[in-house]
Undergrad: 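After the structure tokens below, expect a handful of questions from me.
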Number of protein chains: 2
Amino acid sequence: MSSDRKQRTDGVRTREAIVREAVSLATVDGLEGLSIGNLAHALDMSKSGIYAHFGSKQDLQLATVDEAARIFHSEVIEPALAAPAGLDQVVAVCDAFFDHLGRRTFPGGCFFAGAVLEMGTRPGPVKEQIAEFQTGFTAVIRQFVVTAIDRHQLPDDVDPDALAFELNGIILATNAHFVIHQDPAVLEMAKQVVRRRVGVTTTTSSG
Amino acid sequence: MSSDRKQRTDGVRTREAIVREAVSLATVDGLEGLSIGNLAHALDMSKSGIYAHFGSKQDLQLATVDEAARIFHSEVIEPALAAPAGLDQVVAVCDAFFDHLGRRTFPGGCFFAGAVLEMGTRPGPVKEQIAEFQTGFTAVIRQFVVTAIDRHQLPDDVDPDALAFELNGIILATNAHFVIHQDPAVLEMAKQVVRRRVGVTTTTSSG
DNA sequence: CCTACCGATCGGTAGG
DNA sequence: CCTACCGATCGGTAGG
């Protein structure tokens, strides 16, 4: 009974360890470049140890994207939701993303920025999952903008889709610059660019 | 004599054909995922036919990045330089990029947007070449902005680095959206976002 | 530019 | 979770 639970728990832990390592490796080698052999070696186990938890590479990829989404949610979305509703959340979601980069959660920067470009030309369930995440993240930013307009913290004539698009652009430009130049200064610069863009004059608070 | 020149010309042509196909394949499979065997098959030749022109995969990657830069220059930078100096060039370089996407030059969208994220964690000459391109492109946009400020087409207090950064962000967000959603409508939307951002009220002219 | 080959690694399976 | 194995493909070389 307790041994049965212990086994289940260990199995779950191993699965979690696999999927976490897979997310990290995928930001370096890509979701296609991620190999079962490499992953097994990094975890000090055999390839069939991986196949005991995932039936195929695509299954592993789907679980990897799922885990990456979970991490993104807890490191970027949740901190933003903790801020006061309205313009504060617009700024907070960008700041949280920049902090996510700055703490070097993954060696290759934002998991999804890379995954979108890598899987865009590869139709299938993995691409669909990534596209859904992308749509969802843009929708979150857009909703923050809409609330800020409702509360008259942004002008009435602001186009929420356009501003969400621009903020997503600042996020992507920051990620690209950070990944290729390994330059933490861009994170502070990006925070100020966001503030100027939405008309906030407060100085940077974190990072 | 003429046969000697013909041979040299054919060799050059084959090399150009290889490198062009390599750029296209690399926007789908990445610069690492690009394989000599795949490339040879796409060109109906043998692997050793590739090795007759490039000593190693890294040599091929360097030539591929070089060719991608050449194509980018002719499709994005040159059209912008043809526009009147100042704010027109700021808008023109963005428009030219969106047209570059719209005409589907490569299946995977912008070569460099993908290459930056893929090679960012892989130190070496290929990464350096990509980083230099990235720096150069940002510098071009920045110079267009500086000229626009000099000519009082943009306010004096505009930060050229910040605006160039934002415009690069709009470009990256457009590429990501276009690649994952295959949605040409985003190109028109992006053109209008750029115009609003720099205070131009003219309607879109191309695309 | 070709054929033929090298050792290494790929995703995946059999059998335990 | 393991060892041992499958056919296919990888980057690269020998010899022509």
Side-chain angles (χ1 to χ4, degrees), chain A residues 3-23 25-26 28-65 115 118-119 122-127, chain B residues 3-23 25-26 28-65 115 118-119 122-127:
Chain A
S3 114
D4 180 281
R5 191 155 82 215
K6 181 140 185 273
Q7 276 185 335
R8 263 218 348 259
T9 302
D10 286 355
V12 169
R13 276 191 192 150
T14 301
R15 204 196 127 100
E16 282 172 2
I18 293 171
V19 97
R20 262 177 223 158
E21 185 66 39
V23 173
L25 285 178
V28 175
D29 298 323
L31 273 165
E32 291 292 318
L34 170 69
S35 86
I36 314 285
N38 227 353
L39 180 56
H41 183 78
L43 291 160
D44 249 313
M45 59 195 293
S46 67
K47 288 200 302 176
S48 68
I50 309 288
Y51 277 104
H53 294 270
F54 305 94
S56 68
K57 183 169 177 180
Q58 182 172 285
D59 281 356
L60 173 65
Q61 288 175 325
L62 289 168
T64 301
V65 174
E118 184 192 0
M119 303 304 286
R122 300 179 176 274
V126 181
K127 172 186 166 175
Chain B
S3 114
D4 181 282
R5 191 154 84 216
K6 182 140 185 274
Q7 276 186 337
R8 266 223 339 267
T9 301
D10 286 355
V12 168
R13 275 191 192 149
T14 301
R15 204 195 126 102
E16 282 171 4
I18 293 171
V19 97
R20 261 177 224 158
E21 185 65 40
V23 172
L25 285 177
V28 175
D29 299 323
L31 275 164
E32 292 291 320
L34 170 68
S35 87
I36 314 284
N38 228 355
L39 180 57
H41 183 78
L43 291 160
D44 248 314
M45 60 195 291
S46 67
K47 287 200 303 174
S48 68
I50 308 289
Y51 277 106
H53 293 270
F54 306 95
S56 67
K57 182 169 178 179
Q58 183 174 284
D59 282 357
L60 173 65
Q61 288 175 326
L62 290 168
T64 301
V65 175
E118 184 192 0
M119 302 305 284
R122 302 179 175 272
V126 181
K127 172 186 167 175

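A note on names: the letters A, B, ... follow the listed sequences, proteins ahead of strands, and every chain is numbered from 1. Because only heavy atoms are used, hydrogens play no part in the values below, and waters and symmetry mates are left out as well, while side chains stay in.
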Undergrad: For DNA chain C, which consecutive runs of 3 or more Watson-Crick or G-U pairs (each distance under 3.5 Å) count as stems?
TA: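 Paired runs of 3+ in DNA chain C: C:1-16 with D:1-16.
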
Undergrad: Under the side-chain hydrogen bond (donor to acceptor under 3.5 Å, both in side chains) test, which residues partner A/Asn38, sequence neighbours left out?
TA: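 A/Asn38 satisfies side-chain hydrogen bond (donor to acceptor under 3.5 Å, both in side chains) with no residue once adjacent residues are dropped.
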
Undergrad: Would you mind building the protein contact string for nucleotides 6-11 of chain D? One character per nucleotide, 5' to 3', B for base within reach (heavy atoms under 4.0 Å), S for sugar-phosphate only, - for untouched.
TA: ----SB

Undergrad: Which residues pass the side-chain hydrogen bond (donor to acceptor under 3.5 Å, both in side chains) test with A/Arg15, sequence neighbours left out?
TA: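 For A/Arg15, no residue satisfies side-chain hydrogen bond (donor to acceptor under 3.5 Å, both in side chains) once neighbours in sequence are set aside.
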
Undergrad: Determine whether any donor atom in the side chain of A/Ser48 lies under 3.5 Å from an acceptor atom in the base of D/dT3, or the reverse, and answer yes or no.
TA: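 Yes, a donor-acceptor pair under 3.5 Å.
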
Undergrad: Looking only at atom types and distance, does a side-chain atom of B/Glu118 sit under 3.5 Å from a main-chain N or O of B/Glu32, one as donor and one as acceptor?
TA: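 Answer holds: yes.
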
Undergrad: Distance-only criterion, 3.5 Å: show the donor-acceptor pairs between side-chain atoms of residues 42-55 of chain A and protein atoms not counting sequence neighbours.
TA:
{"residue": "A/Ser46", "atom": "OG", "partner": "A/Ser48", "partner atom": "OG", "Å": "3.2"}
{"residue": "A/Ser46", "atom": "OG", "partner": "A/Gly49", "partner atom": "N", "Å": "3.4"}

Undergrad: Could you list the residues that satisfy side-chain contact (heavy atoms from CB on, under 4.5 Å) with A/Val126, not counting sequence neighbours?
TA: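 With sequence neighbours excluded, A/Val126 shows a side-chain contact (heavy atoms from CB on, under 4.5 Å) to A/Leu31, A/Gln58, A/Gln61, A/Leu62, A/Val65, A/Met119, A/Ile130, given in chain and number order.
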
Undergrad: Does a side-chain heavy-atom distance below 4.5 Å link A/Ile18 with A/Leu60?
TA: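 In short, these two side chains touch, coming nearer than 4.5 Å.
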
Undergrad: Which heavy-atom pair separates B/Thr64 from B/Ala22 by the least distance, and what is that distance?
TA: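 Minimum heavy-atom contact is OG1-CB, 3.4 Å.
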
